[in-house]
**Q** 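Submitted below is the structure of interest, expressed as structure tokens.
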Amino acid sequence: MPHMVHTERVEPKRRYIRSDGALYVLLLLGAFGVIFLSRVLANRLSINTLYVQIGLYALLLGTGYAIYRVRLVDYVYELYDTELRVLQAVGAKQKPLVSVPLDAVTKVGPFEKTDAKPEIRAFRGAREQTTAVWFTREGQQFVVCLNASDALKTKLTEAVHAAE
């Protein structure tokens, strides 16, 4: 059994709508607004209501997906004594994204462009403001970027040096 050294959860900043209940009410009102708007546009433009509804529902679906990605998806970073695990969390449901053995880590530091292949997205914001973890797997160099706190950076660096 690996021993957990540190864990942290990176949540999105709640700028405009602070509660999840308000977000759901706003999305529900958006759905009703799309229904009303589709009827008004269909009558004014003399277009079949079905075509207008398809377009507006596609717009609503795209907006809902963007809100899901930006607002509801969190990242959980778990540092064990043998590996670093990155999980994607939505509410209580967690999905593993990447697991990096500490003995495979070659470098930990601020992101810089290299020939390493990027792993799945596990951070928020600009890539240049993240902490990058370079590692080798099957002879290839990979990089995973994290929104790591100072505590995680320190413990990860110490764990990598201890594994060497």
Side-chain angles (χ1 to χ4, degrees), residues 1-27 30-31 34 55-164:
M1 283 294 287
H3 173 71
M4 184 177 287
V5 177
H6 184 78
T7 184
E8 63 185 47
R9 186 173 184 139
V10 177
E11 297 178 349
K13 294 179 183 175
R14 296 176 181 229
R15 295 181 187 145
Y16 305 112
I17 303 170
R18 302 214 185 262
S19 74
D20 289 338
L23 176 66
Y24 295 130
V25 168
L26 189 62
L27 286 175
V34 164
L56 289 177
Y57 282 126
L59 179 68
L60 186 64
L61 185 64
T63 303
Y65 181 73
I67 289 171
Y68 166 78
R69 292 293 301 165
V70 170
R71 171 74 184 254
L72 300 176
V73 174
D74 303 339
Y75 296 105
V76 179
Y77 307 134
E78 296 178 341
L79 179 62
Y80 292 89
D81 53 358
T82 57
E83 68 182 345
L84 170 69
R85 291 183 191 163
V86 180
L87 308 166
Q88 181 182 37
V90 179
K93 183 180 176 188
Q94 294 185 347
K95 177 177 89 171
L97 293 179
V98 66
S99 179
V100 179
L102 293 180
D103 56 358
V105 174
T106 57
K107 181 180 174 185
V108 176
F111 176 77
E112 53 192 47
K113 291 191 178 196
T114 62
D115 292 338
K117 295 180 182 179
E119 273 292 327
I120 194 161
R121 187 176 179 97
F123 64 93
R124 299 194 167 285
R127 189 179 301 265
E128 289 75 25
Q129 298 173 351
T130 61
T131 301
V133 178
W134 286 270
F135 63 97
T136 55
R137 182 186 316 142
E138 299 171 359
Q140 292 185 342
Q141 185 79 12
F142 291 91
V143 64
V144 62
C145 296
L146 314 171
N147 292 115
S149 66
D150 291 335
L152 179 60
K153 288 180 203 176
T154 303
K155 291 181 182 200
L156 181 59
T157 304
E158 289 172 357
V160 167
H161 289 304
E164 290 177 348

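Just so it is clear, the model here is predicted, and its values are computed rather than measured.
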**Q** Calculate, to the nearest 0.5 Å, the distance between atoms CG and OG1 belonging to Leu156 and Thr131 respectively.
**A** 8.5 Å

**Q** Is any side-chain heavy atom of Phe142 closer than 4.5 Å to a side-chain heavy atom of Val98?
**A** no

**Q** To the nearest 0.5 Å, what is the distance between CD on Glu112 and CD on Glu128?
**A** 11.5 Å

**Q** Taking Glu8 first and then Lys155, would you say they form a salt bridge - that is, a charged N and a carboxylate O separated by under 4.0 Å?
**A** no

**Q** Please test Arg127 against Val143 for side chain to side chain contact (heavy atoms under 4.5 Å, CB included), starting from the C-alpha separation and ending with a verdict.
**A** CA-CA 11 Å; Arg127 189 179 301 265; Val143 64; 5.6 Å; no

**Q** Rounded to the nearest 0.5 Å, how far apart are CG of Leu56 and CG of Leu61?
**A** 12.5 Å

**Q** Can you name the closest pair of heavy atoms from Ile120 and Val144 and give their distance?
**A** O-CG2, 4.5 Å

**Q** As an exercise, state the distance from CD of Gln88 to CG of Leu97, rounded to the nearest 0.5 Å.
**A** 5.0 Å

**Q** Ignoring hydrogens and geometry, is there a side-chain-to-backbone donor-acceptor pair from Tyr77 to Ala122 under 3.5 Å?
**A** yes

**Q** Which atoms form the tightest heavy-atom contact between Leu87 and Pro96, and what is the distance?
**A** CD2-CA, 3.4 Å

**Q** Main chain of Leu102, side chain of Tyr80: is a donor-acceptor contact present, judged purely on distance under 3.5 Å?
**A** no

**Q** Would you give the length of the straight line joining atom NZ of Lys153 to atom CG of Leu146, rounded to the nearest 0.5 angstrom?
**A** 10.0 Å

**Q** What's the spacing between Leu26 CG and Thr63 OG1 if we round to 0.5 Å?
**A** 10.5 Å

**Q** Which pair of non-hydrogen atoms, one from Phe111 and one from Cys145, has the smallest distance, and what is that distance?
**A** CD1-SG, 3.6 Å

**Q** Dump the intermediate steps for side chain to side chain contact (heavy atoms under 4.5 Å, CB included) on Thr130 and Asn147, then the final yes or no.
**A** CA-CA 5 Å; Thr130 61; Asn147 292 115; 4.1 Å; yes

**Q** What heavy-atom pair brings Val108 and Val105 nearest, and what distance separates the two atoms?
**A** CG2-CG1, 3.8 Å

**Q** Taking all atoms of both residues into account, what is the closest heavy-atom pair of Gln141 and Trp134, and its distance?
**A** NE2-CB, 3.2 Å

**Q** Is the CD atom of Gln129 crowded by more than 12 outside heavy atoms at less than 6.0 Å?
**A** no

**Q** Pair Lys117, Arg137 - check side chain to side chain contact (heavy atoms under 4.5 Å, CB included), show working.
**A** CA-CA 11 Å; Lys117 295 180 182 179; Arg137 182 186 316 142; over 6 Å; no

**Q** Determine whether a donor-acceptor pair (N or O, by modelled atom type, separation under 3.5 Å) exists between the side chain of Asp81 and the backbone of His3.
**A** yes

**Q** What are the two closest heavy atoms between Arg85 and Ser99, and how far apart are they?
**A** CG-OG, 4.0 Å

**Q** For Gly139, is there any backbone N or O sitting under 3.5 Å from a side-chain donor or acceptor partner on Thr136?
**A** no

**Q** Take Val160 and Val133 through the test side chain to side chain contact (heavy atoms under 4.5 Å, CB included) and record every step on the way to the result.
**A** CA-CA 10 Å; Val160 167; Val133 178; over 6 Å; no

